[in-house]
**Student:** 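Sending over a structure as C-alpha coordinates; questions will come in a sec.
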Amino acid sequence: MTGKSSQLFAEAKQYIPGGVNSPVRAFKSVNMDPLFISKAQGSKIYDADGKEYIDYVASWGPLILGHARPEVVEAVTEAAAKGTSYGAPTESEIKLARMITEIYPSINKIRMVNSGTEATMSAVRLARGFTGRDKFIKFDGCYHGHSDGFLIKAGSGALTLSIPGNPGVTSGTASDTLVAQYNDLDSVEELIDANSGKVAAVIVEPVAGNAGVIPPADGFLEGLRKITEENGIILIFDEVITGFRVALGGAQELYGIKPDMTCLGKIIGGGLPVGAYGGRADIMDMIAPDGPVYQAGTLSGNPLAMAAGIATLTILKEENPYPKIDKLAADLSEGITACTAKHEGISVQQNRVGSMMCRFFTGKPVVDLASAMKSDTELFAKYFKAMLEEGIYMAPSQFEAGFVSTAHTEDDIKKTVHAHHKSLEKIG
Ligand SMILES: *Cc1c(COP(=O)(O)O)cnc(C)c1O
(Lines give C-alpha, C1' and ligand atoms only; values in the text may rest on other atoms or scores of the structure.)
Protein backbone atom coordinates (compact mmCIF):
# COMPACT_ATOMS: atom_id res chain seq x y z
CA MET A 1 0.00 0.00 0.00
CA THR A 2 2.73 2.45 0.84
CA GLY A 3 5.78 2.27 -1.38
CA LYS A 4 8.45 3.08 1.17
CA SER A 5 7.22 0.67 3.85
CA SER A 6 7.08 -2.26 1.42
CA GLN A 7 10.55 -1.39 0.18
CA LEU A 8 11.91 -1.27 3.73
CA PHE A 9 10.15 -4.53 4.60
CA ALA A 10 11.80 -6.30 1.67
CA GLU A 11 15.15 -4.99 2.83
CA ALA A 12 14.49 -5.86 6.49
CA LYS A 13 13.70 -9.47 5.56
CA GLN A 14 17.26 -9.90 4.30
CA TYR A 15 18.73 -9.26 7.74
CA ILE A 16 15.96 -9.75 10.30
CA PRO A 17 13.89 -12.96 10.57
CA GLY A 18 10.49 -12.18 9.10
CA GLY A 19 11.62 -8.57 8.77
CA VAL A 20 10.50 -7.75 12.32
CA ASN A 21 11.85 -7.91 15.85
CA SER A 22 8.54 -9.10 17.31
CA PRO A 23 6.11 -11.31 15.37
CA VAL A 24 3.00 -9.31 16.32
CA ARG A 25 4.29 -6.43 14.18
CA ALA A 26 4.32 -8.41 10.96
CA PHE A 27 0.72 -7.85 9.68
CA LYS A 28 0.83 -11.53 8.71
CA SER A 29 -2.71 -12.45 9.78
CA VAL A 30 -4.10 -9.48 7.84
CA ASN A 31 -2.15 -10.43 4.70
CA MET A 32 -0.29 -7.17 4.37
CA ASP A 33 3.19 -5.73 4.66
CA PRO A 34 3.72 -3.87 7.93
CA LEU A 35 3.97 -0.11 8.02
CA PHE A 36 7.41 1.18 8.87
CA ILE A 37 7.10 4.11 11.25
CA SER A 38 9.14 7.27 10.90
CA LYS A 39 7.80 9.31 13.84
CA ALA A 40 4.88 9.87 16.16
CA GLN A 41 3.40 12.73 18.15
CA GLY A 42 0.43 12.78 20.51
CA SER A 43 -2.33 10.52 19.16
CA LYS A 44 -0.78 10.37 15.67
CA ILE A 45 1.75 8.05 14.09
CA TYR A 46 3.45 8.55 10.69
CA ASP A 47 4.64 5.90 8.28
CA ALA A 48 7.78 5.94 6.17
CA ASP A 49 5.92 7.81 3.40
CA GLY A 50 4.79 10.46 5.88
CA LYS A 51 1.14 9.36 5.91
CA GLU A 52 -0.62 10.21 9.20
CA TYR A 53 -2.74 7.77 11.22
CA ILE A 54 -4.70 7.99 14.46
CA ASP A 55 -2.89 5.44 16.62
CA TYR A 56 -4.68 2.94 18.86
CA VAL A 57 -1.74 0.56 19.27
CA ALA A 58 0.15 2.89 21.64
CA SER A 59 3.24 0.70 21.29
CA TRP A 60 1.01 -2.18 22.53
CA GLY A 61 -0.03 -0.36 25.69
CA PRO A 62 2.75 1.72 27.26
CA LEU A 63 1.87 5.11 25.77
CA ILE A 64 -1.06 6.14 27.94
CA LEU A 65 0.12 9.75 27.57
CA GLY A 66 0.37 9.49 23.78
CA HIS A 67 3.59 9.75 21.78
CA ALA A 68 6.49 12.02 22.68
CA ARG A 69 4.79 13.74 25.61
CA PRO A 70 7.16 16.71 26.27
CA GLU A 71 7.65 16.01 30.02
CA VAL A 72 8.67 12.42 29.28
CA VAL A 73 11.00 13.39 26.43
CA GLU A 74 12.60 16.00 28.65
CA ALA A 75 13.09 13.57 31.55
CA VAL A 76 14.76 11.01 29.28
CA THR A 77 16.94 13.63 27.59
CA GLU A 78 18.08 15.01 30.93
CA ALA A 79 18.89 11.53 32.24
CA ALA A 80 20.79 10.58 29.06
CA ALA A 81 23.05 13.61 29.37
CA LYS A 82 24.16 12.29 32.77
CA GLY A 83 25.10 8.86 31.42
CA THR A 84 22.95 6.08 30.02
CA SER A 85 23.79 3.28 32.46
CA TYR A 86 26.04 2.73 35.47
CA GLY A 87 25.40 -0.82 36.61
CA ALA A 88 25.11 0.62 40.11
CA PRO A 89 22.15 1.75 42.20
CA THR A 90 20.62 5.19 41.67
CA GLU A 91 18.15 7.34 43.56
CA SER A 92 15.70 7.22 40.64
CA GLU A 93 15.14 3.48 41.28
CA ILE A 94 14.01 4.25 44.84
CA LYS A 95 11.71 6.98 43.57
CA LEU A 96 9.91 4.76 41.05
CA ALA A 97 9.72 1.85 43.51
CA ARG A 98 8.28 4.15 46.19
CA MET A 99 5.70 5.58 43.78
CA ILE A 100 4.52 2.12 42.76
CA THR A 101 4.38 0.71 46.30
CA GLU A 102 2.41 3.74 47.48
CA ILE A 103 -0.21 3.22 44.78
CA TYR A 104 -0.34 -0.63 45.02
CA PRO A 105 -0.96 -1.64 48.67
CA SER A 106 -0.33 -5.31 47.74
CA ILE A 107 3.25 -4.46 46.71
CA ASN A 108 5.54 -4.08 49.72
CA LYS A 109 8.71 -4.46 47.69
CA ILE A 110 9.43 -4.42 43.98
CA ARG A 111 12.30 -5.47 41.68
CA MET A 112 12.88 -3.76 38.32
CA VAL A 113 13.67 -5.80 35.21
CA ASN A 114 13.76 -4.98 31.49
CA SER A 115 10.55 -6.48 30.10
CA GLY A 116 7.23 -7.99 31.04
CA THR A 117 8.65 -11.36 29.99
CA GLU A 118 11.36 -11.11 32.63
CA ALA A 119 8.85 -9.96 35.24
CA THR A 120 6.52 -12.96 34.88
CA MET A 121 9.38 -15.45 34.47
CA SER A 122 11.02 -14.19 37.66
CA ALA A 123 7.73 -14.01 39.59
CA VAL A 124 6.98 -17.68 38.90
CA ARG A 125 10.55 -18.69 39.77
CA LEU A 126 10.20 -16.83 43.06
CA ALA A 127 6.79 -18.39 43.79
CA ARG A 128 8.37 -21.80 43.22
CA GLY A 129 11.31 -20.97 45.47
CA PHE A 130 8.95 -19.68 48.17
CA THR A 131 6.52 -22.59 48.14
CA GLY A 132 8.94 -25.39 47.21
CA ARG A 133 6.46 -26.53 44.55
CA ASP A 134 7.06 -26.96 40.80
CA LYS A 135 3.82 -26.45 38.89
CA PHE A 136 1.81 -23.34 38.12
CA ILE A 137 -1.58 -22.60 36.58
CA LYS A 138 -2.15 -20.19 33.72
CA PHE A 139 -5.23 -19.55 31.59
CA ASP A 140 -5.84 -20.51 27.99
CA GLY A 141 -5.37 -17.41 25.79
CA CYS A 142 -3.60 -15.35 28.45
CA TYR A 143 -0.16 -14.10 27.48
CA HIS A 144 2.66 -13.61 29.96
CA GLY A 145 5.63 -12.97 27.68
CA HIS A 146 7.65 -15.57 25.83
CA SER A 147 9.61 -17.50 28.44
CA ASP A 148 9.36 -21.27 27.92
CA GLY A 149 6.79 -22.21 30.54
CA PHE A 150 4.34 -19.54 29.39
CA LEU A 151 4.20 -20.52 25.73
CA ILE A 152 1.64 -23.20 26.48
CA LYS A 153 -1.74 -22.08 25.06
CA ALA A 154 -0.51 -18.49 24.97
CA GLY A 155 -2.42 -15.50 23.63
CA SER A 156 -1.19 -12.54 21.57
CA GLY A 157 1.04 -13.42 18.58
CA ALA A 158 1.03 -17.15 19.33
CA LEU A 159 -2.77 -17.10 19.11
CA THR A 160 -2.88 -14.79 16.08
CA LEU A 161 -0.42 -16.92 14.12
CA SER A 162 -2.04 -20.18 15.38
CA ILE A 163 1.38 -21.54 16.25
CA PRO A 164 0.83 -25.25 16.95
CA GLY A 165 2.57 -27.01 19.81
CA ASN A 166 5.62 -25.42 21.33
CA PRO A 167 8.76 -26.18 19.34
CA GLY A 168 11.79 -25.40 21.47
CA VAL A 169 9.96 -25.90 24.77
CA THR A 170 10.94 -29.17 26.43
CA SER A 171 8.21 -31.57 27.50
CA GLY A 172 9.64 -31.38 31.01
CA THR A 173 9.01 -27.64 31.13
CA ALA A 174 5.60 -27.94 29.50
CA SER A 175 4.49 -30.55 32.03
CA ASP A 176 4.85 -28.02 34.85
CA THR A 177 2.41 -25.62 33.19
CA LEU A 178 -1.24 -26.38 33.94
CA VAL A 179 -3.84 -24.63 31.78
CA ALA A 180 -7.26 -23.57 33.10
CA GLN A 181 -10.12 -21.78 31.30
CA TYR A 182 -10.54 -18.04 31.84
CA ASN A 183 -13.67 -17.10 33.81
CA ASP A 184 -14.12 -20.76 34.82
CA LEU A 185 -13.32 -21.39 38.50
CA ASP A 186 -14.25 -25.07 38.27
CA SER A 187 -11.42 -25.65 35.80
CA VAL A 188 -8.99 -24.16 38.33
CA GLU A 189 -10.32 -26.24 41.20
CA GLU A 190 -10.05 -29.42 39.17
CA LEU A 191 -6.37 -28.74 38.38
CA ILE A 192 -5.58 -27.95 42.00
CA ASP A 193 -7.31 -31.14 43.19
CA ALA A 194 -5.52 -33.26 40.59
CA ASN A 195 -2.15 -31.74 41.55
CA SER A 196 -2.59 -31.48 45.27
CA GLY A 197 0.39 -29.86 47.04
CA LYS A 198 2.25 -29.32 43.76
CA VAL A 199 0.93 -25.93 42.56
CA ALA A 200 3.16 -22.98 43.41
CA ALA A 201 1.21 -20.21 41.70
CA VAL A 202 -1.81 -19.15 39.73
CA ILE A 203 -0.97 -16.37 37.26
CA VAL A 204 -3.74 -14.44 35.57
CA GLU A 205 -4.33 -11.32 33.51
CA PRO A 206 -7.05 -9.77 35.71
CA VAL A 207 -8.54 -8.37 32.52
CA ALA A 208 -7.57 -10.64 29.64
CA GLY A 209 -5.93 -8.39 27.06
CA ASN A 210 -4.12 -10.80 24.74
CA ALA A 211 -7.10 -12.65 23.26
CA GLY A 212 -8.79 -9.38 22.45
CA VAL A 213 -10.25 -7.82 25.60
CA ILE A 214 -12.21 -10.10 27.94
CA PRO A 215 -13.35 -8.71 31.31
CA PRO A 216 -13.31 -10.97 34.37
CA ALA A 217 -16.76 -12.41 35.12
CA ASP A 218 -18.41 -11.46 38.41
CA GLY A 219 -16.76 -13.44 41.19
CA PHE A 220 -13.93 -14.86 39.05
CA LEU A 221 -11.05 -12.91 40.61
CA GLU A 222 -12.61 -13.18 44.11
CA GLY A 223 -12.87 -16.94 43.58
CA LEU A 224 -9.21 -17.18 42.50
CA ARG A 225 -8.18 -15.24 45.60
CA LYS A 226 -10.15 -17.62 47.82
CA ILE A 227 -9.00 -20.89 46.21
CA THR A 228 -5.33 -19.89 46.17
CA GLU A 229 -5.43 -18.73 49.78
CA GLU A 230 -7.03 -22.00 50.91
CA ASN A 231 -4.36 -24.04 49.14
CA GLY A 232 -1.23 -22.04 50.02
CA ILE A 233 -0.83 -21.02 46.36
CA ILE A 234 0.69 -17.68 45.36
CA LEU A 235 -1.77 -15.55 43.35
CA ILE A 236 0.07 -13.51 40.73
CA PHE A 237 -1.72 -10.74 38.86
CA ASP A 238 -0.03 -10.05 35.54
CA GLU A 239 -0.86 -6.35 35.29
CA VAL A 240 1.68 -5.63 32.55
CA ILE A 241 -1.17 -4.16 30.47
CA THR A 242 -3.75 -3.28 33.14
CA GLY A 243 -1.38 -1.65 35.65
CA PHE A 244 -1.87 2.14 35.57
CA ARG A 245 -4.24 1.51 32.64
CA VAL A 246 -7.70 0.45 33.88
CA ALA A 247 -7.11 2.54 37.03
CA LEU A 248 -4.05 4.14 38.62
CA GLY A 249 -3.91 1.13 40.96
CA GLY A 250 -4.61 -1.29 38.11
CA ALA A 251 -7.20 -4.05 38.00
CA GLN A 252 -6.52 -4.89 41.66
CA GLU A 253 -7.83 -1.42 42.57
CA LEU A 254 -10.71 -1.58 40.08
CA TYR A 255 -11.96 -4.97 41.33
CA GLY A 256 -10.74 -4.70 44.92
CA ILE A 257 -8.60 -7.86 45.03
CA LYS A 258 -5.22 -8.15 46.75
CA PRO A 259 -2.88 -10.58 44.95
CA ASP A 260 0.28 -11.90 46.61
CA MET A 261 2.44 -10.76 43.70
CA THR A 262 2.04 -8.38 40.77
CA CYS A 263 3.87 -8.11 37.46
CA LEU A 264 4.10 -4.70 35.82
CA GLY A 265 5.63 -3.36 32.61
CA LYS A 266 4.52 -1.27 29.64
CA ILE A 267 3.18 1.97 31.23
CA ILE A 268 5.69 2.04 34.12
CA GLY A 269 8.49 2.42 31.56
CA GLY A 270 6.87 5.35 29.75
CA GLY A 271 7.80 3.78 26.40
CA LEU A 272 11.26 2.55 27.39
CA PRO A 273 12.05 -1.14 28.00
CA VAL A 274 10.92 -1.98 31.54
CA GLY A 275 9.23 -4.63 33.62
CA ALA A 276 8.86 -5.13 37.36
CA TYR A 277 7.62 -7.70 39.81
CA GLY A 278 6.65 -7.09 43.39
CA GLY A 279 4.46 -8.22 46.23
CA ARG A 280 4.47 -9.38 49.82
CA ALA A 281 7.72 -8.57 51.64
CA ASP A 282 8.10 -12.14 52.97
CA ILE A 283 8.06 -13.44 49.38
CA MET A 284 10.19 -10.69 47.85
CA ASP A 285 12.87 -11.08 50.54
CA MET A 286 13.65 -14.52 49.10
CA ILE A 287 15.30 -12.94 46.04
CA ALA A 288 19.10 -12.60 45.87
CA PRO A 289 21.04 -10.94 47.43
CA ASP A 290 18.91 -11.35 50.59
CA GLY A 291 17.55 -14.78 49.66
CA PRO A 292 18.48 -17.82 47.57
CA VAL A 293 16.28 -17.24 44.47
CA TYR A 294 18.52 -15.77 41.79
CA GLN A 295 17.52 -13.02 39.37
CA ALA A 296 19.69 -10.27 37.92
CA GLY A 297 20.04 -7.76 35.05
CA THR A 298 22.86 -5.69 33.55
CA LEU A 299 20.51 -2.86 32.60
CA SER A 300 17.81 -3.37 35.25
CA GLY A 301 16.64 -0.10 36.77
CA ASN A 302 18.20 1.74 33.85
CA PRO A 303 18.29 5.50 34.56
CA LEU A 304 16.61 6.48 31.26
CA ALA A 305 13.79 3.99 31.80
CA MET A 306 13.39 5.09 35.43
CA ALA A 307 13.20 8.74 34.32
CA ALA A 308 10.52 7.96 31.70
CA GLY A 309 8.56 5.89 34.20
CA ILE A 310 8.71 8.51 36.96
CA ALA A 311 7.65 11.27 34.55
CA THR A 312 4.74 9.16 33.30
CA LEU A 313 3.48 8.09 36.71
CA THR A 314 3.84 11.63 38.07
CA ILE A 315 1.55 12.96 35.35
CA LEU A 316 -0.95 10.12 35.88
CA LYS A 317 -1.05 10.84 39.62
CA GLU A 318 -1.38 14.60 39.20
CA GLU A 319 -3.82 14.70 36.31
CA ASN A 320 -5.97 11.64 37.06
CA PRO A 321 -6.79 11.27 33.34
CA TYR A 322 -8.81 8.07 33.86
CA PRO A 323 -12.32 9.60 33.76
CA LYS A 324 -11.33 11.40 30.54
CA ILE A 325 -9.76 8.48 28.66
CA ASP A 326 -12.44 6.06 29.86
CA LYS A 327 -15.11 8.42 28.50
CA LEU A 328 -13.33 8.78 25.16
CA ALA A 329 -13.11 4.99 24.91
CA ALA A 330 -16.78 4.69 25.90
CA ASP A 331 -17.77 7.26 23.25
CA LEU A 332 -15.77 5.35 20.67
CA SER A 333 -17.27 2.00 21.68
CA GLU A 334 -20.83 3.34 21.67
CA GLY A 335 -20.24 5.15 18.37
CA ILE A 336 -18.99 1.94 16.79
CA THR A 337 -21.82 -0.17 18.17
CA ALA A 338 -24.46 2.33 16.99
CA CYS A 339 -22.84 2.65 13.57
CA THR A 340 -22.53 -1.13 13.14
CA ALA A 341 -26.25 -1.57 13.88
CA LYS A 342 -26.97 0.33 10.64
CA HIS A 343 -24.97 -2.16 8.57
CA GLU A 344 -27.02 -5.25 7.91
CA GLY A 345 -25.21 -8.58 7.95
CA ILE A 346 -22.26 -7.43 10.07
CA SER A 347 -22.09 -8.03 13.81
CA VAL A 348 -19.50 -6.52 16.10
CA GLN A 349 -19.01 -7.07 19.82
CA GLN A 350 -17.28 -4.09 21.33
CA ASN A 351 -15.57 -5.20 24.59
CA ARG A 352 -14.10 -2.52 26.83
CA VAL A 353 -12.62 -2.08 30.29
CA GLY A 354 -11.64 1.55 30.87
CA SER A 355 -9.45 2.71 28.00
CA MET A 356 -8.60 -0.80 26.72
CA MET A 357 -10.96 -2.21 24.15
CA CYS A 358 -11.45 -4.59 21.27
CA ARG A 359 -14.04 -5.24 18.59
CA PHE A 360 -14.80 -8.84 17.74
CA PHE A 361 -16.55 -9.74 14.49
CA THR A 362 -19.15 -12.09 15.93
CA GLY A 363 -22.84 -11.91 16.82
CA LYS A 364 -22.49 -13.41 20.29
CA PRO A 365 -21.04 -11.82 23.44
CA VAL A 366 -17.35 -12.59 23.98
CA VAL A 367 -16.80 -13.81 27.55
CA ASP A 368 -13.97 -16.32 27.19
CA LEU A 369 -11.45 -17.65 24.69
CA ALA A 370 -13.94 -20.02 23.03
CA SER A 371 -16.36 -17.18 22.25
CA ALA A 372 -13.46 -14.94 21.13
CA MET A 373 -12.38 -17.66 18.69
CA LYS A 374 -15.82 -17.48 17.02
CA SER A 375 -14.79 -14.14 15.60
CA ASP A 376 -14.56 -13.90 11.80
CA THR A 377 -10.83 -13.24 11.39
CA GLU A 378 -11.06 -13.00 7.60
CA LEU A 379 -13.59 -10.22 7.92
CA PHE A 380 -11.35 -8.60 10.53
CA ALA A 381 -8.45 -8.67 8.05
CA LYS A 382 -10.52 -6.84 5.44
CA TYR A 383 -11.74 -4.38 8.08
CA PHE A 384 -8.20 -3.75 9.30
CA LYS A 385 -7.04 -2.90 5.78
CA ALA A 386 -10.01 -0.60 5.17
CA MET A 387 -9.44 1.20 8.49
CA LEU A 388 -5.76 1.66 7.66
CA GLU A 389 -6.72 3.22 4.33
CA GLU A 390 -9.00 5.57 6.29
CA GLY A 391 -6.05 6.62 8.45
CA ILE A 392 -6.69 4.47 11.54
CA TYR A 393 -3.79 2.42 12.90
CA MET A 394 -5.02 -0.58 14.92
CA ALA A 395 -3.25 -3.70 16.12
CA PRO A 396 -3.03 -6.01 13.08
CA SER A 397 -4.85 -8.87 14.81
CA GLN A 398 -8.32 -9.75 16.01
CA PHE A 399 -6.80 -10.89 19.29
CA GLU A 400 -5.17 -7.71 20.54
CA ALA A 401 -6.40 -4.76 22.57
CA GLY A 402 -6.65 -1.15 21.38
CA PHE A 403 -5.83 1.76 23.67
CA VAL A 404 -7.02 5.34 24.08
CA SER A 405 -4.44 7.79 25.43
CA THR A 406 -4.66 11.22 27.04
CA ALA A 407 -3.56 12.65 23.67
CA HIS A 408 -6.69 11.43 21.86
CA THR A 409 -9.43 14.02 21.30
CA GLU A 410 -13.18 13.97 20.67
CA ASP A 411 -12.29 14.82 17.09
CA ASP A 412 -10.07 11.70 16.82
CA ILE A 413 -12.97 9.61 18.12
CA LYS A 414 -15.44 11.11 15.63
CA LYS A 415 -13.02 10.50 12.78
CA THR A 416 -12.55 6.91 13.92
CA VAL A 417 -16.28 6.20 14.06
CA HIS A 418 -16.62 7.71 10.59
CA ALA A 419 -13.75 5.56 9.33
CA HIS A 420 -15.51 2.52 10.86
CA HIS A 421 -18.67 3.41 8.93
CA LYS A 422 -16.76 3.77 5.65
CA SER A 423 -14.83 0.55 6.28
CA LEU A 424 -18.00 -1.46 6.90
CA GLU A 425 -19.42 -0.08 3.65
CA LYS A 426 -16.31 -1.26 1.87
CA ILE A 427 -16.27 -4.77 3.30
CA GLY A 428 -20.03 -5.42 3.78
C1 LIG B 1 3.08 -7.46 26.93
C2 LIG B 1 2.78 -8.41 28.00
C3 LIG B 1 3.77 -9.18 28.61
C4 LIG B 1 5.18 -9.24 28.09
O5 LIG B 1 5.84 -8.02 28.18
P6 LIG B 1 7.13 -7.78 27.24
O7 LIG B 1 7.66 -6.47 27.71
O8 LIG B 1 6.62 -7.77 25.83
O9 LIG B 1 8.07 -8.89 27.48
C10 LIG B 1 3.44 -9.95 29.71
N11 LIG B 1 2.18 -9.99 30.16
C12 LIG B 1 1.19 -9.28 29.60
C13 LIG B 1 -0.18 -9.34 30.16
C14 LIG B 1 1.45 -8.50 28.47
O15 LIG B 1 0.46 -7.86 27.86
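Order of appearance sets the numbers: ligands from 1, and atoms from 1 within every ligand. For the single chain, residues carry numbers from 1 onward in sequence order.
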**Student:** With sequence neighbours excluded, what pairs up with F244 under the ring-ring contact (aromatic ring centres under 6.0 Å, His included) test?
**Tutor:** Y104
**Student:** Can you list everything that forms a salt bridge (Lys or Arg N to Asp or Glu O under 4.0 Å) with E230? Sequence neighbours excluded, please.
**Tutor:** K226
**Student:** Evaluate the side-chain proximity of V113 to Y277: yes if any heavy-atom separation is below 4.5 Å, no if none is.
**Tutor:** yes
**Student:** So, for F150 and F136, is the gap between ring centers shorter than 6.0 Å?
**Tutor:** yes
**Student:** Quick one: table the atom pairs, ligand 1 N or O against protein N or O, below 3.5 Å, distance rounded to 0.1 Å.
**Tutor:**
from, atom 1, to, atom 2, distance (Å)
ligand 1, 5 (O), G116, N, 3.4
ligand 1, 7 (O), G116, N, 2.9
ligand 1, 9 (O), G116, N, 3.4
ligand 1, 9 (O), T117, N, 2.8
ligand 1, 9 (O), T117, OG1, 2.6
ligand 1, 11 (N), Y143, O, 3.3
ligand 1, 11 (N), D238, OD1, 3.4
ligand 1, 11 (N), D238, OD2, 2.7
ligand 1, 15 (O), N210, ND2, 3.1
ligand 1, 15 (O), K266, NZ, 2.7

**Student:** I'd like to check the side-chain hydrogen bond (donor to acceptor under 3.5 Å, both in side chains) partners of D285; sequence neighbours left out, ordered by chain and number.
**Tutor:** K109
**Student:** Answer yes or no: does atom CG of D218 have more than 12 heavy-atom neighbours from other residues, nucleotides or ligands under 6.0 Å?
**Tutor:** no
